[in-house]
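To keep things clear, I will list the structure first and then write my remarks on it.
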Amino acid sequence: EYIYSTPTSELDLIIEKEWKSYICDLAFEKMKSLFSGNAIDVFDLSMQGLSTDAIAEKLNLKKDSVYVLKNRVKKKFMDEVRALVEQLEY
């Protein structure tokens, strides 16, 4: 009933948000198979909004290591998101 009472533009926004979330979840699962340990933990914590300092303290890592791990996973993650969008949308 909610679907039928929701304006089309609002429904489109909901669908778009769910689709993006689905793509990101798929990409993150792929990252778990490509990276292990601290790399995934660093990326996950950064996606949750933790600062580099907080991540370094929480995982007992140097700040430089946090930057390197986060950026390494982020690059692959973005590549995977682009590949999934291309594969699933076109």
Side-chain angles (χ1 to χ4, degrees):
E1 200 169 300
Y2 174 75
I3 291 175
Y4 298 115
S5 66
T6 304
T8 302
S9 60
E10 187 177 334
L11 186 58
D12 287 342
L13 291 174
I14 293 168
I15 291 168
E16 181 71 19
K17 182 180 176 185
E18 288 296 319
W19 180 248
K20 287 178 181 178
S21 178
Y22 174 71
I23 294 291
C24 288
D25 288 346
L26 286 176
F28 189 68
E29 287 304 312
K30 176 77 179 249
M31 294 308 99
K32 288 179 182 177
S33 71
L34 297 176
F35 296 95
S36 61
N38 285 335
I40 290 297
D41 293 340
V42 164
F43 185 70
D44 190 31
L45 291 170
S46 72
M47 295 299 289
Q48 294 176 36
L50 267 69
S51 69
T52 299
D53 289 333
I55 295 169
E57 185 177 327
K58 183 177 181 86
L59 299 178
N60 197 28
L61 296 171
K62 294 180 182 176
K63 281 175 51 173
D64 290 344
S65 296
V66 172
Y67 282 117
V68 169
L69 291 171
K70 178 173 67 173
N71 288 324
R72 189 178 297 160
V73 177
K74 181 181 175 183
K75 182 189 180 319
K76 286 283 192 186
F77 177 80
M78 295 305 296
D79 290 345
E80 183 64 18
V81 166
R82 281 190 278 284
L84 285 167
V85 166
E86 186 174 309
Q87 176 185 357
L88 297 174
E89 287 186 356
Y90 300 106

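Side chains included, hydrogens not; waters and symmetry mates left out as well; all remaining heavy atoms used. Remember, predicted model here, so these are calculated numbers, not experimental data. This chain uses plain numbering: 1 for the first residue, then up along the sequence.
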Side chain proximity check, L84 to Q87, heavy atoms < 4.5 angstrom: yes
Quick one: does M31's side chain get under 4.5 Å of L34's, heavy atoms only? yes
Nearest heavy-atom approach of K70 to T52 is NZ-OG1, 3.8 Å
D25 atom CG: more than 12 heavy-atom contacts under 6.0 Å: yes
According to a 4.5 Å side-chain heavy-atom criterion applied to Ile, Leu, Val, Met, Phe, Trp and Tyr, with indirect links allowed, do V66 and V68 form part of one hydrophobic cluster? no
Does Q48 reach the side chain of L45, with side-chain heavy atoms less than 4.5 Å apart? yes
Compare all side-chain heavy atoms of V73 with those of V42 and state whether any distance is below 4.5 angstrom. no
With a 4.5 Å cut-off on side-chain heavy-atom distances among I, L, V, M, F, W and Y, is there a chain of contacts connecting L13 to L11? no
How are the rings of F77 and F43 set relative to one another: parallel (under 30°), tilted (30 to 60°) or perpendicular (over 60°)? tilted
For N71 and Y67, indicate whether the former's side chain and the latter's backbone hold a donor-acceptor pair under 3.5 Å. yes
Do L69 and I55 pass the side-chain contact (heavy atoms from CB on, under 4.5 Å) test, and can you show the C-alpha distance, the side-chain angles, and the key distance before you say yes or no? CA-CA 11 Å; L69 291 171; I55 295 169; over 6 Å; no
Do the side chains of F28 and M47 get nearer than 4.5 Å, heavy atoms only? no
Check whether any side-chain heavy atom of R82 lies under 4.5 Å from a side-chain heavy atom of E86, and answer yes or no. no
How far apart are the C-alpha atoms of D79 and K76, what are their side-chain angles, what is the distance that settles it, and do they pass the salt bridge (Lys or Arg N to Asp or Glu O under 4.0 Å) test? CA-CA 5 Å; D79 290 345; K76 286 283 192 186; 5.7 Å; no
Measure the OG-NZ distance between S51 and K58 for me, rounded to the nearest 0.5 Å. 11.5 Å
How close do K62 and A56 get, counting heavy atoms only, and between which atoms? C-CB, 4.3 Å
